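Worksheet: the structure to be examined is printed underneath.
Only a predicted model underlies this, so the values are computations on that prediction, with no experimental measurement involved.
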2 protein chains.
Amino acid sequence: MSETTAKKTTTTGRNKPRGSYAKSSSKRAAIMEAALAVFAKDGYRGGSLRDVAMNVGMSEAGLLHHFPSKTALLAGVLDLRDQRSLEMVPLDSDRAHDTLRGLVALARYNASVPGVVELYCTLSAEATSADHPAHAYFVERYASTIEKITHAFALCAKLGTLRGGVRPDGAARATVALMDGLQVQWLLDRDSVDMAEDLESFLREIVDLDAA
Amino acid sequence: MSETTAKKTTTTGRNKPRGSYAKSSSKRAAIMEAALAVFAKDGYRGGSLRDVAMNVGMSEAGLLHHFPSKTALLAGVLDLRDQRSLEMVPLDSDRAHDTLRGLVALARYNASVPGVVELYCTLSAEATSADHPAHAYFVERYASTIEKITHAFALCAKLGTLRGGVRPDGAARATVALMDGLQVQWLLDRDSVDMAEDLESFLREIVDLDAA
DNA sequence: GTCTATATGGCGATAGAC
DNA sequence: GTCTATCGCCATATAGAC
C-alpha cells in the first residue's frame with residue numbers, strides 16, 4: 001500500500017539524493033489534501049480526478065504525473081490519514097486506560113475534521129465490496145484495531161477495572177462499532193450528536209476509566 | 001407482496017387505472033430486487049442502470065419505462081426495504097421490551113440477507129452528503145428511529161428495568177450506532193462477527209431484557 | 001513537471017419503431 | 001411495454017509538446 005520507499009522522507013524530504021520524489025512532495029501533499037476532500041464528499045467511486053485536479057489547481061494529466069492512477073491516489077490518502085490518527089491514539093501502549101482515553105480524544109478531535117470523518121465513513125462502507133481497491137486495507141485495519149483494543153480491555157480485566165461479565169473481544173468490537181455508527185449519525189445531524197460524550201458514557205459503563 | 005393492495009403509497013403516488021399497473025407490478029418488483037443487489041454492491045452513485053437492467057433481463061430503456069429516473073428507482077428500493085423491516089420490529093409498541101428484543105431479532109434476520117445490509121450500509125454513508133438524493137430520507141429516518149427507541153428506553157426507566165444513570169436518548173443513539181457499526185464489521189469479515197449476539201450483550205448491560 | 005489534445009468507454013436519459 | 005439507436009456528458013488514462 002505504501003509508496004514511500006525511503007524511511008525519512010516524511011518531514012524534510014530534502015536529503016533524498018536520487019529520484020525526483022522529494023522535490024514534488026509538497027505538490028503531492030496538496031493533491032492528497034484535495035483528494036481527501038473530494039473522496040469524503042462523493043466517495044471513492046463517485047469522486048473524480050477532475051474534481052481533485054480542479055481543487056488543487058492542476059490539470060488531470062498533471063495530477064496523474066504524481067499519482068499514476070486513481071487507485072494509487074487513494075492509497076496515498078489512506079496512508080496520510082493513518083499517519084495522523086496513529087499519532088493521536090496510543091494503540092500499542094501497555095497502559096490500557098491511556099488507550100481508551102485516547103479513543104475518546106480521537107472522537108473529540110474528529111468532530112473538528114468532518115472531511116476526514118466523511119472519508120472514512122463513506123470509504124469503509126463502499127470498501128465492504130470484495131472487489132473494491134481498498135477492501136484489503138479495511139479488512140486488515142479493522143482486524144488489527146480490534147485486536148489492539150481487545151488487548152487493552154484484557155489488561156483492564158487484569159487490573160480489575162473491567163466490569164464483571166464483559167468479554168474483552170466483544171467490548172472491543174462494540175467500541176469500534178459505536179465509534180463508526182456515531183459518525184454516521186453525526187454526519188447526518190451534527191447538532192444532535194456528541195460522539196465523544198456518547199463514547200465516553202459507553203466506556204464508563206464497562207470500565208473504570210479514571211483508574212490507573 | 002404486490003403493491004396493488006396499497007391504495008396510496010407515500011413516496012410513489014401512482015393513481016393509474018388498475019389494468020396496466022397491476023400487470024407490470026411483477027416486473028417492478030423484479031427490477032427493485034435487482035436494483036437492491038446492484039446498489040448494495042456498488043452504492044447508488046457507483047451502481048448503474050445498465051447493471052440493473054442486465055440483472056433483470058431488460059434493456060435500459062425498458063427499465064426506465066417503469067421507473068422514469070435512477071432517483072425514482074432508488075426511492076422504490078428504499079420503500080420496499082422499509083415495508084419489510086417495519087414488519088419485523090414493533091417500533092411503536094408500548095411494550096418496550098418487545099421493541100428491544102425486536103431489534104435483536106432484526107439483527108439476527110439481517111445476517112441472512114447480506115444484500116440488504118450492504119445496501120443500507122453503503123447508502124447511509126454516501127447519503128451523508130447533503131446533495132445526495134436520499135439525504136433527506138436518511139436524516140428523517142434516523143431521527144424517527146432514535147426517537148422511538150428513546151421512547152422504549154424511557155418506558156424501561158419507568159418500569160425500573162433500565163440501569164441507573166443511563167439516559168434513554170444516549171442509549172438509543174448508542175444502540176443504533178452499535179447496529180450500524182457491527183454491520184460494517186460483519187460485511188468485512190462475516191465469520192468473526194455475530195451482530196445479534198453483540199447487540200444483545202450490549203442491551204443486557206443497560207436493561208433487564210427478560211423482565212416484563 | 002505541467003500542459004493540450006485525445007483515445008476509449010460507461011453513464012443517464014430520450015426518440016421513435018414495433 | 002419493450003426494443004434499437006443515439007445523444008451529450010463525464011470518466012480514467014495516454015501521447016507528446018513545451
Side-chain angles (χ1 to χ4, degrees), chain A residues 3 9 13-14 16 18-32 34-35 37-39 41-77 122 126 129 131-134, chain B residues 2-4 12 14 16-32 34-35 38-39 41-77 122-123 126 129 131-134:
Chain A
E3 300 171 9
T9 51
R14 271 292 174 195
K16 194 125 191 277
R18 66 205 147 130
S20 48
Y21 176 73
K23 208 164 68 172
S24 67
S25 69
S26 80
K27 270 287 186 214
R28 277 179 63 95
I31 291 170
M32 286 191 284
V38 170
F39 291 162
K41 187 177 180 302
D42 297 328
Y44 171 70
R45 302 207 226 234
S48 72
L49 292 181
R50 193 163 301 184
D51 245 30
V52 176
M54 199 162 298
N55 275 22
V56 82
M58 297 178 68
S59 70
E60 299 168 59
L63 190 156
L64 286 168
H65 168 76
H66 297 277
F67 296 90
S69 74
K70 193 188 184 187
T71 302
L73 177 57
L74 174 62
V77 170
T122 310
E126 76 179 11
S129 280
D131 61 347
H132 193 283
Chain B
S2 161
E3 296 179 9
T4 50
T12 57
R14 280 275 170 86
K16 286 202 95 174
R18 328 177 333 120
S20 61
Y21 183 69
K23 205 169 77 175
S24 68
S25 69
S26 77
K27 271 287 185 211
R28 277 180 62 96
I31 291 170
M32 287 191 284
V38 170
F39 291 161
K41 186 176 180 301
D42 297 327
Y44 171 71
R45 301 208 227 234
S48 72
L49 292 181
R50 200 156 295 187
D51 242 32
V52 177
M54 199 162 300
N55 275 23
V56 82
M58 297 178 68
S59 69
E60 296 171 63
L63 188 158
L64 286 169
H65 168 76
H66 297 276
F67 296 90
S69 73
K70 193 188 184 187
T71 302
L73 177 56
L74 175 62
V77 171
T122 310
L123 219 50
E126 78 178 10
S129 281
D131 61 346
H132 193 282

Next on the checklist: Under a 3.5 Å distance rule, please check whether A:Ser129 uses its side chain to pair with a backbone N or O of B:Asp42 as donor and acceptor.
Outcome noted: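 No, the answer is negative, given that no donor and acceptor are paired below the 3.5 Å cut-off.
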Closest to the [X] side chain: [options]?
{"X": "A:Lys70", "options": "D:dA13, D:dC10, C:dT2", "answer": "D:dA13"}
{"X": "A:Ser48", "options": "C:dT2, D:dA11, D:dT2", "answer": "D:dA11"}
{"X": "B:Arg50", "options": "C:dT2, D:dT14, C:dG10", "answer": "C:dG10"}

Just how far, in rounded Å, is [atom2] of [N] from [atom1] of [X]?
{"X": "B:Asp42", "N": "D:dA11", "atom1": "CG", "atom2": "C1'", "answer": "15 Å"}
{"X": "A:Leu73", "N": "D:dA11", "atom1": "CG", "atom2": "P", "answer": "14 Å"}
{"X": "B:Tyr44", "N": "C:dG12", "atom1": "OH", "atom2": "P", "answer": "8 Å"}
{"X": "A:Asp51", "N": "D:dT12", "atom1": "CG", "atom2": "C1'", "answer": "14 Å"}
{"X": "B:Lys27", "N": "D:dC3", "atom1": "NZ", "atom2": "P", "answer": "8 Å"}
{"X": "B:Leu64", "N": "D:dC3", "atom1": "CG", "atom2": "P", "answer": "12 Å"}

Next on the checklist: So, OP1 or OP2 of D:dT2: does either fall under 4.0 Å of a side-chain N or O from B:His66?
Outcome noted: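 Answer yes for this pair, as a side-chain N or O of B:His66 is under 4.0 Å from OP1 or OP2.
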Checklist entry - Are A:His65 and C:dT2 close enough that a side-chain N or O sits under 4.0 Å from OP1 or OP2? => result no
Next on the checklist: Any base atoms under 4.0 Å from B:Gly46, or only sugar-phosphate, or nothing? Heavy atoms, all strands.
Outcome noted: nothing
Checklist entry - Which part of the nucleic acid, if any, lies within reach of B:Leu49 when heavy atoms closer than 4.0 Å are counted: base, sugar-phosphate only, or nothing? => result sugar-phosphate
Item to check | Where B:Met58 and B:Leu63 come nearest, the two heavy atoms and their spacing | outcome: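 Closest approach of B:Met58 to B:Leu63: CE-N, 3.5 Å.
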Item to check | Atom of B:Arg45, atom of B:Glu126 and distance for their closest heavy-atom approach | outcome: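 Result for this residue pair: N-OE2, 3.3 Å.
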Next on the checklist: As a quick check of understanding, evaluate side chain to side chain contact (heavy atoms under 4.5 Å, CB included) for B:His66 and B:Val56, giving each step before the final call.
Outcome noted: CA-CA 13 Å; B:His66 297 276; B:Val56 82; over 6 Å; no
Checklist entry - Would you call B:Leu74 and B:Leu123 a side-chain contact if the rule is heavy atoms closer than 4.5 Å? => result yes
Checklist entry - Are A:Lys70 and A:Val52 close enough that some pair of their side-chain heavy atoms sits under 4.5 Å apart? => result no
Item to check | B:Thr71: partners by side-chain hydrogen bond (donor to acceptor under 3.5 Å, both in side chains), with sequence neighbours left out | outcome: B:Tyr44
Next on the checklist: Tell me which residues in residues 52-63 of chain A lie within less than 4.0 Å of DNA chain D, going by non-hydrogen atoms.
Outcome noted: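 Those residues whose heavy atoms fall under 4.0 Å from DNA chain D, taken from residues 52-63 of chain A in numerical order, are A:Glu60, A:Ala61.
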